[in-house]
Protein chains: 2
Amino acid sequence: MAARLVDVARLAGVSPSTVSYVLSGNRPISEETRRRVEQSIAELGFRPHAGARSIRRQATNVIAMVLPMLSDGQSRVQMQFVFAVVHAARAKGMNLLLLTAEDGVAEINNVVGSAMVDGVIVMEVQLHDPRVPLLASIGRPAVLIGTPEDPGDLVHVDFDFAAAGAMCVQHLHDLGHRHIGFLGQSADTYAREAGYALRARSGALDEMAARGVPPVWSPAEASPAGVAEAIEDLFGQDPELSALVVYNEQALPLVLDRLAQLDRRVPGDMSLVAICPDDQAERLLPAVSDVALPAAELGRLAFERLAGLIAGETPPSTTLLEPQLNRRGSGGPPPPRR
Amino acid sequence: MAARLVDVARLAGVSPSTVSYVLSGNRPISEETRRRVEQSIAELGFRPHAGARSIRRQATNVIAMVLPMLSDGQSRVQMQFVFAVVHAARAKGMNLLLLTAEDGVAEINNVVGSAMVDGVIVMEVQLHDPRVPLLASIGRPAVLIGTPEDPGDLVHVDFDFAAAGAMCVQHLHDLGHRHIGFLGQSADTYAREAGYALRARSGALDEMAARGVPPVWSPAEASPAGVAEAIEDLFGQDPELSALVVYNEQALPLVLDRLAQLDRRVPGDMSLVAICPDDQAERLLPAVSDVALPAAELGRLAFERLAGLIAGETPPSTTLLEPQLNRRGSGGPPPPRR
DNA sequence: TTGAAAGCGATACCAG
DNA sequence: CTGGTATCGCTTTCAA
């Protein structure tokens, strides 16, 4: 039922190869012939069969992206990665296949092994990630979003989370704060060795240490109870806390709520800096100063690196986006001693 | 480099057809032969070439999902659709190809026309959606999430937004409220005739009318300023408002913030019911009563319908999930007259 | 229970 | 500038 290339050829009165060359542009075609062929293609609504094509070409024009584990649409950041990649891919006429991390290594093997995709983007890579050696060994184009402990030669792009954490502390310290807490991701994020979480935390804690600020931190679940607990924990460690670095996009609004409940005004009693997507910090009350997490940019970048690899280029194996601070209403000088 | 079927055959000392039959199970194979073949497959790490396979089979085992326009990961609901579909698909060994709505009808045509995918799921269908007639005409398996004005025979799944809107009003009215406002989606959502937005709104407004409640509503942008404006607008229309139906997941936290700013306590001064994903309402302070938007379930359902169509079944062309109310802390009796 | 061989739909080399 | 045809990797009929 679907028209095939031979049908087009017949209708246009040319040979199949000619039609193929009109399609690919790999050989000069007379104006007249091209017109007839294109006319026939339109008339029949012909589309080259992707599968048939992929067997002779060495490519499918499809790339795969591996979603993070347990992903039920929780995190905005992850979504932004995905959307940025789809859009970048579609803009270049490529298609995106989504894989879930649950089946992990096996699924990656499947889609690249069966030549379904030309390359793979893996997000949420962990410090010791079994997918990393796999990707290294299959030797097909692959890009990591995130930095494993040992990336080998694998191309990876990342945000400099350590610098981001340090920058937050530095900002608050510069405002005069000498008692700063770090409110981080959920405990199990650290447990599974998510690089971004570990690096942001140590970036912050190291900077605290370097500046003589007592290093205080707590993980936090993104629920009212979890946040309340984390904040209590932080104050327990240092009752003089006058500033918080929050790296937990989901918990951020709850942190504001909780501080309000505790009658700590932001920024009057407590200053805040977050590491999170910029539009998210901007929308809060008060708008929160942040080190913006450039998720969309990272996604776009990851795609570009992958496209480069597929095209046979040799992109830089490491790219680290530098943090930038956006000052908003949530930071101020520490309150006078009570 | 990648092992091919013939390589397996050679190594196992059998003919290619035998290998193929071992793979497909379409013909009895002696235990001994099967063992040798499977051994060879494992040894060579052989995976059948998906493209080559798709040209003889009538299927690719891949389905496409069309993302909404302008989607930058804004909406949780949309994400949940996507994740639900990927997971459902992966669980059945199928793969998901993501398309963006920007390239619209053309891209759908491309991927199904070129036999890249066995079927398509379209989300965020609008009342008059050009993709609907297209899908109807190509006659390939397709499922809509959402209900266009004229779905024809197209299989679609949806949440009963009209009933949801009505249920919210009913709940508040039953609590004693006689002045209820509806705070909806952004103005342009209505402008582009998003079915869910229009139906939820008219469900609510009709129910208000039926109960003698003055029908009051306002669209709202999901920003502090937008929400402030919408709330002012609502009070301008009816200063006696004691309850709000909020159908705007992104604005919901901002509504709470704004009411707090205006010194209206929830639920003391103002009752609230939201239409939004349940976990989102649950996480607020106070936890918000809601009519849960079953995004994940809709996504799963959409996939199942599509899988049915691909398998040659004839699933019901319409499926409407019924709303359900979750009572939480944000609803109470109206305050005594001031 | 197995093998030989004819395709599937498009591409690209070899000729002209 | 164009045509014939081998070929890609797998499936499936036909034959044994």
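All of these numbers come straight from a predicted model, not from anything done at the bench. Below, each value reflects all heavy atoms present in this structure, side chains not excepted, and no hydrogens, waters or symmetry copies. Lettering follows sequence order; numbering is per chain, from 1.
With no hydrogens or angles considered, a side-chain donor-acceptor pair links A/Thr18 and A/Ser15 at under 3.5 Å.
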Check nucleotides 13-15 of chain D against the protein and report each pair of N or O atoms closer than 3.5 Å, with its distance, or say if there are none.
from	atom 1	to	atom 2	distance (Å)
D/dT13	O4	B/Tyr21	OH	3.3

Enumerate donor-acceptor pairs with a distance under 3.5 Å from any side-chain N or O in residues 142-153 of chain A to protein atoms, sequence neighbours excluded.
from	atom 1	to	atom 2	distance (Å)
A/Thr147	OG1	A/Asp158	OD2	2.7
A/Asp150	OD1	A/Gly152	N	3.1

Table please: side-chain donor-acceptor pairs of residues 43-50 of chain A below 3.5 Å, with sequence neighbours left out.
from	atom 1	to	atom 2	distance (Å)
A/Glu43	OE1	A/Gln39	NE2	3.2
A/Arg47	NH1	B/Asn110	OD1	2.7
A/His49	ND1	A/Gly51	N	3.0
A/His49	ND1	A/Ala52	N	3.0

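Atom-to-atom, CG of A/Leu23 to P of D/dT2 comes out at 15 Å; the value is rounded to the nearest Å.
Residue pairs meeting the salt bridge (Lys or Arg N to Asp or Glu O under 4.0 Å) criterion with at least one partner in residues 10-31 of chain B, sequence neighbours excluded, are B/Asp7-B/Arg10. Sorted by first and then second residue, the salt bridge (Lys or Arg N to Asp or Glu O under 4.0 Å) pairs with a member in residues 48-65 of chain B form an empty list; sequence neighbours excluded.
Rounded to 10 degrees, the angle separating the terminal axes of the helix from C/dT1-D/dA16 to C/dG16-D/dC1 is 40°, with each axis obtained from five end pairs.
The side chain to side chain donor-acceptor pair (under 3.5 Å) search around A/Arg305 returns A/Thr319, not counting sequence neighbours. Residues that satisfy the salt bridge (Lys or Arg N to Asp or Glu O under 4.0 Å) test with A/Glu304, not counting sequence neighbours, are A/Arg300. A search for side chain to side chain donor-acceptor pair (under 3.5 Å) contacts involving A/Asp118 returns A/Thr60, not counting sequence neighbours. Taking the ring pair (Phe, Tyr, Trp, His ring centres under 6.0 Å) definition, one finds that A/Phe159 meets it with A/Phe161, sequence neighbours left out.
On the nucleic acid side, DNA chain C contacts chain A at distances under 4.0 Å to non-hydrogen atoms, with the end points of that region at C/dG9 to C/dC14.
Ion pair A/Glu107/B/Arg90 flagged as a salt bridge, since at least one NZ, NE, NH1 or NH2 atom sits closer than 4.0 Å to an Asp/Glu carboxylate oxygen.
Between A/Leu309 and A/Pro141, the shortest heavy-atom distance links the atoms CB-CB, 3.8 Å.
No engagement by B/Val19 is indicated, since no non-hydrogen atom pair under 4.0 Å with the nucleic acid exists. When heavy atoms are screened at a 4.0 angstrom cut-off, B/Thr18 is found touching the sugar-phosphate backbone but no base atom.
Counting heavy atoms of neighbouring residues, nucleotides and ligands inside a 6.0 Å radius, atom CD of B/Glu32 exceeds 12 of them.
Using a 4.0 Å cut-off on heavy atoms, the residues of residues 32-63 of chain A that approach DNA chain D are A/Thr33, A/Ile55, A/Arg56, listed by number.
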* To do: May I have the step-by-step check of side-chain hydrogen bond (donor to acceptor under 3.5 Å, both in side chains) for A/His156 and A/Ser317, ending in yes or no?
  => CA-CA 6 Å; A/His156 56 283; A/Ser317 82; 5.1 Å; no
